[in-house]
Amino acid sequence: MSHGINPGVTAVKAKRTIKNLRWWVLVLFLLGVTVNYITRNSLGILAPELKSSLGITTQQYSYIVGAFQLAYTVFQPICGWLIDVIGLKLGFLVCAGIWAVVCVMHAGAGSWLQLAILRFFMGGAEAAATPANAKTIGEWFPKKERPIAAGWAGVGFSIGAMLAPPIIYFAHASFGWQGAFMFTGVLAMLWVILWWLFYHNPEQHPNLSKEELAFIKQDNEPDAVKLPFLTALKTVGKNKRFYGIAIPAFMAEPAWAVLSFWVPLYLASERGMDLKQIAMFAWLPFLAADLGSVASGYLTKIYTRWFGCSRTNSIVASSVTGAFLMISLALVALTKDPYITIALISVGGFGHQIISCMLSALVVDSFDKGQMATVNGMRGSAAWIASFLFSLLIGVTADKIGYNPLFIAMGFFDLIGAVFLVSFIAERRTKRA
């Protein structure tokens, strides 16, 4: 528009620009995902007490976990499409507000069925986190920075899980299990307010400089095209590259589901730890996962500089590296020492987050802006189908055969996924980005 320059100059004079604002926006998103995982993992940390207080069996607990996972599976593409259509700010705001309120409502649960219903609604709302992740990276970073941004964004998914044990233990010790749910729900509400006040799209952000906006837009990507929901699903479903991302995600997610929902119960039932000991050690695999998230993006640079890989192949190579690290989970079956167990699970957490962050990077690298949230939602659905089924399997078999066969299986799932990743995504000719 001919009158677009002068108002822009006025806005710059009126508002103070913030250097490297895109990274501050990523921090704001990372904080939201951190709170997301604190509210999500509160159930796993409180599982031993809930089983005792409400008379819940292991199989019933698997139904509670499964209710969350089922909703998370079904609603990820829906939330992704919603975010693509109405925008990241409003779409993520609505979903975050819902999960905050539902988390507080957990305090009133009196049976496993009530918990399962609440977890279903919570899972449907929290499903927005994965597609919002891709949308944030796609909107705020040029292609050359997206693998590193994806790695840092992934920190939020694991740091929340890392912080959950001590936070939930503190809240539980102070207010009981009901108060722990209310405490984490209020944390989520506070973040919703921050998101509403401080998030804006790059084109509308009052503190973004013209120079940084030009840097973000340097790839000259076409404007996002908003498609009807079913049309968007069909378009993505016809793309072979989607299956090269979705199948590895399917194979990877059972391990993360075990870390998030089952490791505290495993440490209590198999290793004899109480809630205080769980709070002391259960966060370590998520600290390792944080390190894996950060390392993943920089690992792509190593493959590019040292081995001459293209941007896409460097992302694939990083993910395959993570798949080999997952073998550590199979070794859990060989030890009785709880500390070695925690160490091996931590290596698995490190490897898993490398894989997860690189799959997110492949979504934003392979699909246009109008599809990113939808595609990442569909990828998430594929992952959580596996998560849902594996949790039900644990609920049926853990008390009968123990956890060792399950850890052995998780150790090799990601190598199977790596085969599909290489087959469908890896470029056969080296070409520099």
Side-chain angles (χ1 to χ4, degrees), residues 15-41 83 87-93 95-97 99-100 126 128-164 166-167 184 186-209 211-213 215-217 283 286-298 300-301 353-354 356-358 360-361 363-364 369 372-373 376:
K15 295 286 187 178
R16 182 176 66 89
T17 59
I18 298 175
K19 188 177 181 181
N20 296 321
L21 181 63
R22 64 194 184 279
W23 293 103
W24 288 107
V25 169
L26 190 65
V27 169
L28 177 62
F29 175 78
L30 186 153
L31 181 61
V33 176
T34 298
V35 174
N36 176 292
Y37 261 76
I38 291 172
T39 57
R40 181 182 309 187
N41 283 28
I83 289 170
L88 177 59
K89 178 170 184 172
L90 183 58
F92 202 28
L93 178 82
C95 294
W99 91 56
E126 292 201 348
T130 298
N133 178 38
K135 194 72 170 178
T136 303
I137 295 168
E139 287 193 348
W140 277 94
F141 292 87
K143 287 185 175 181
K144 66 181 182 181
E145 284 191 338
R146 287 176 186 172
I148 292 176
W152 280 103
V155 169
F157 289 88
S158 48
I159 199 172
M162 181 189 77
L163 293 175
I167 288 175
T184 54
V186 169
L187 285 181
M189 290 177 184
L190 292 175
W191 179 83
V192 169
I193 296 172
L194 292 178
W195 182 257
W196 174 253
L197 292 175
F198 297 112
Y199 183 82
H200 305 279
N201 293 332
E203 297 84 358
Q204 301 168 334
H205 206 295
N207 303 114
L208 182 66
S209 68
E211 293 77 14
E212 187 171 4
L213 179 60
F215 179 79
I216 292 169
K217 300 291 184 182
W283 59 274
F286 298 108
L287 173 61
D290 285 333
L291 299 176
S293 295
V294 175
S296 62
Y298 296 99
T300 64
K301 287 186 171 291
Q353 278 303 92
I354 291 178
S356 181
C357 291
M358 292 301 92
S360 289
V363 170
V364 297
K369 287 186 177 181
M372 285 179 186
N376 219 29

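In this text, all values refer to a predicted model and were calculated from it rather than measured experimentally.
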How many angstroms lie between CG in Asn36 and CG in Asn41, if you round to the nearest 0.5 Å?
9.0 Å
Can you find a heavy atom in the side chain of Leu88 that is under 4.5 Å from one in the side chain of Trp195?
yes
Could you tell me the separation between the NE2 atom of His205 and the CG atom of Leu21, rounded to the nearest 0.5 Å?
4.5 Å
With Trp191 via side chain to side chain donor-acceptor pair (under 3.5 Å) - residues at least two apart:
none
What pair of heavy atoms forms the shortest contact from Ser360 to Asn133, and how long is it?
OG-ND2, 3.4 Å
Does the Lys89 side chain pair with the main chain of Tyr199, one donor and one acceptor, at a distance under 3.5 Å?
yes
Check whether any side-chain heavy atom of Pro206 sits under 4.5 Å from a side-chain heavy atom of His200, and report yes or no.
yes
Are any non-hydrogen side-chain atoms of Thr34 and Leu163 less than 4.5 angstrom apart?
yes
Please name the pair of heavy atoms, one in Ala128 and one in Ile83, separated by the smallest distance, quoted to 0.1 Å.
O-CD1, 3.9 Å
For the CG atom of Asn20 and the CG atom of Leu26, what is their distance to the nearest 0.5 Å?
12.0 Å
To check you understand the geometry: which heavy-atom pair defines the closest contact between Asn207 and Arg16, and what is its length?
ND2-O, 2.8 Å
What is the minimum heavy-atom distance between Asn376 and Pro131, and which atoms define it?
CB-CA, 4.0 Å
Side chains of Ile148 and Lys301: does their closest heavy-atom pair fall under 4.5 Å?
yes
Return the minimal non-hydrogen interatomic distance between Gly97 and Val192, and the atom names on each side.
N-CG2, 3.8 Å
Is the closest side-chain heavy-atom distance between Phe286 and Tyr37 below 4.5 Å?
no
Just verifying a value: how many Å separate Leu291 CG and Ser296 OG, rounded to the nearest 0.5 Å?
11.0 Å
Under 4.5 Å between any side-chain heavy atoms of Trp140 and Leu208, yes or no?
yes
Listed once per pair and sorted, the salt bridge (charged side-chain N to carboxylate O under 4.0 Å, His left out) pairs that draw on residues 188-205, sequence neighbours left out:
Glu203-Lys217
For Val364, run the side chain to side chain contact (heavy atoms under 4.5 Å, CB included) check against Lys143, Arg146, Lys135 and tell me which one passes.
Arg146
Would you say the side chain of Phe92 lies within less than 4.5 Å of the side chain of Phe29, judging by non-hydrogen atoms?
yes
With Thr39, which residues qualify under side chain to side chain donor-acceptor pair (under 3.5 Å), at least two apart?
Glu126
Can any side-chain N or O of Arg22 pair as donor or acceptor with the backbone N or O of Ile216 at less than 3.5 Å?
no
With heavy-atom distances below 4.5 Å as the criterion, would you say the side chains of Met358 and Thr300 are in contact?
yes
Say you draw a straight line from CG of Leu93 to CD1 of Ile193; how long is it, rounded to the nearest 0.5 Å?
10.0 Å
Scanning both residues in full, the closest heavy-atom pair of Gly292 with Gln353 reads C-CB, 4.3 Å
